[in-house]
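The structure appears right after this line, and notes come after that.
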There are 2 protein chains.
Amino acid sequence: MARTQGSHSDITGPRIRAAALQLFAQHGYAAVSMRQIASAVGVQAGALYNYTPDKQSLLFSLMEGHMTELLAAWRAQDSDNRGDGQDAAGQVMARLEAFTRFHIRFHLERPDAVFIAYMELRNLSEENFVAIEALRREYEDALQSILRDGVRLGVLNVPDPKIATLAVIAMLNGVMTWYRSGGRLSLEEVESIYWDMVRKSVQA
Amino acid sequence: MARTQGSHSDITGPRIRAAALQLFAQHGYAAVSMRQIASAVGVQAGALYNYTPDKQSLLFSLMEGHMTELLAAWRAQDSDNRGDGQDAAGQVMARLEAFTRFHIRFHLERPDAVFIAYMELRNLSEENFVAIEALRREYEDALQSILRDGVRLGVLNVPDPKIATLAVIAMLNGVMTWYRSGGRLSLEEVESIYWDMVRKSVQA
DNA sequence: GTTTTATCTGAACGTATGTTCAGATACGGT
DNA sequence: ACCGTATCTGAACATACGTTCAGATAAAAC
């Protein structure tokens, strides 16, 4: 029968995903065994196959979940930020700043998922890889359209919008390699530092 | 007795390293077996142990070799570029441009080694990790000192030199994720596009 | 041409892998 | 209290792993 509320399997599934996420991020997909994941959850390896058909699907599901969440979160926030009664040029800058801060905040809150989404692409099957790449491109397009709008309005100046998009995202992703919460800088300060550099790098 | 010229082992060693580099970059260290490497060289797995004490040392040797080469290449070029008879401010900008172009060129010529050096850090033993990180920091310090000089002279303005260093390097590293030789843009064009963005992002 | 040395093979070692499945277990619905 | 089912165990499967080593082989030294 279909599971109803309160079944303990409703908690085991997420626990497996959480354990796999942490272990994949720490040691890498190929270096983590199903037995390690099972042991982290407190279960035997065979039990995992009630929740995933195989190891590869588990990886894909984690990556797809992350990318979907990322896209949904940005779209929710972006639609909120539209039409704040500014002029078009001001609105582009506001959206660019919002994107910068959103990207940093969202990614710093999910270091493990981000790590996996960028490092384990080569461990995906061909079709799974294509699916993840499509989601990534969708996200990049969000930034790219902002940059294009800015160029059209003359408030931004980039040599090549596609490359500028990738360059800005690469720069923002760099924050993941060094930021640790409780360190020298607050999240707000980090956001502002990067926003300053992003703004200047694409400004007219 | 020590090997003398012409021993075929003088060619087998490099061939093993080249095969390991390519396979590690493509599939990841953990996913590549000693038998795969041996097979790519045309030899049995046991023979590899005449050239490396174990798999881990092979990985470390590749990473250390790459980082050492990177540092040596930059130092050679940087010392050439000093004292071109410009004023101090102009010299800082020249060095920053040289660093930007050097970084892109050097890394695009060695995509496999770069990939490994950034992705396989977690597969290093503790002591090997520390050694590689020290080399990386040395390289980052090269850029950081340029930025500091620029700030001191008032020609650059960055909120935080350490973070700006990491941000610029992250941005430049992003080129590896999309550039393919023979594509839409020449190496020279790519260098110029990134130099434009780097210059603006740190300018006063 | 014989000895010495460097290199490679081929098999073996113990251990680990992803996955399957029959049987045990514990829960939800009635 | 009982049944039906969702879940877990524990063992097994075939296969792969890193590494070792005795013996074969080929090259270098004299």
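In the text below, chain A, chain B and the rest are named by the order of the sequence lines, each starting its count at 1. On a predicted model such as this, the values are computed, not experimentally measured, just so you know.
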Taking atom [atom2] of [N] as reference, at what distance in whole Å does atom [atom1] of [X] sit?
X: A:Asn50; N: C:dA26; atom1: CG; atom2: C1'; value: 14 Å
X: B:Tyr49; N: C:dT9; atom1: OH; atom2: C1'; value: 15 Å
X: A:Lys55; N: C:dT20; atom1: NZ; atom2: P; value: 15 Å
X: A:Asp54; N: C:dT17; atom1: CG; atom2: P; value: 17 Å

Would you call A:Arg75 and A:Asp78 a salt bridge, taking side-chain N to carboxylate O under 4.0 Å as the test? no
So that I can tick it off, tell me whether A:Arg137 and A:Asp141 are bridged by a salt bridge, with the cut-off set at under 4.0 angstrom between side-chain N and carboxylate O. no
B:Leu156 versus B:Ile146, closest heavy-atom pair with distance: CD1-O, 4.3 Å
Measure from NZ or CZ of A:Arg136 to the centre of the six-membered ring of A:Tyr118, then state whether that distance is under 6.0 Å and the direction lies within 45° of the axis. yes
Test: side chain to side chain donor-acceptor pair (under 3.5 Å). Region: residues 105-117 of chain A. Which pairs qualify, not counting sequence neighbours? A:Glu69-A:Arg110, A:Arg105-A:Glu191
Under a 4.0 Å heavy-atom cut-off, which of residues 15-23 of chain A touch DNA chain C? none
Could you list by number each residue of residues 29-47 of chain A showing a heavy-atom separation from DNA chain C of less than 4.0 Å, or answer none if no residue does? A:Val32, A:Ser33, A:Met34, A:Arg35, A:Gln36, A:Gly46
Is the distance from OP1 or OP2 of D:dC8 to the nearest side-chain N or O of A:Tyr51 less than 4.0 Å? yes
Just N and O in the side chain of A:Thr12: are any of them under 4.0 Å from OP1 or OP2 of D:dC8? yes
Polar contact flag, side-chain donor to acceptor under 3.5 angstrom, [X]-[Y]:
X: B:Gln203; Y: B:Asn157; answer: no
X: A:Asn123; Y: B:His27; answer: no
X: A:Ser201; Y: B:Arg199; answer: no

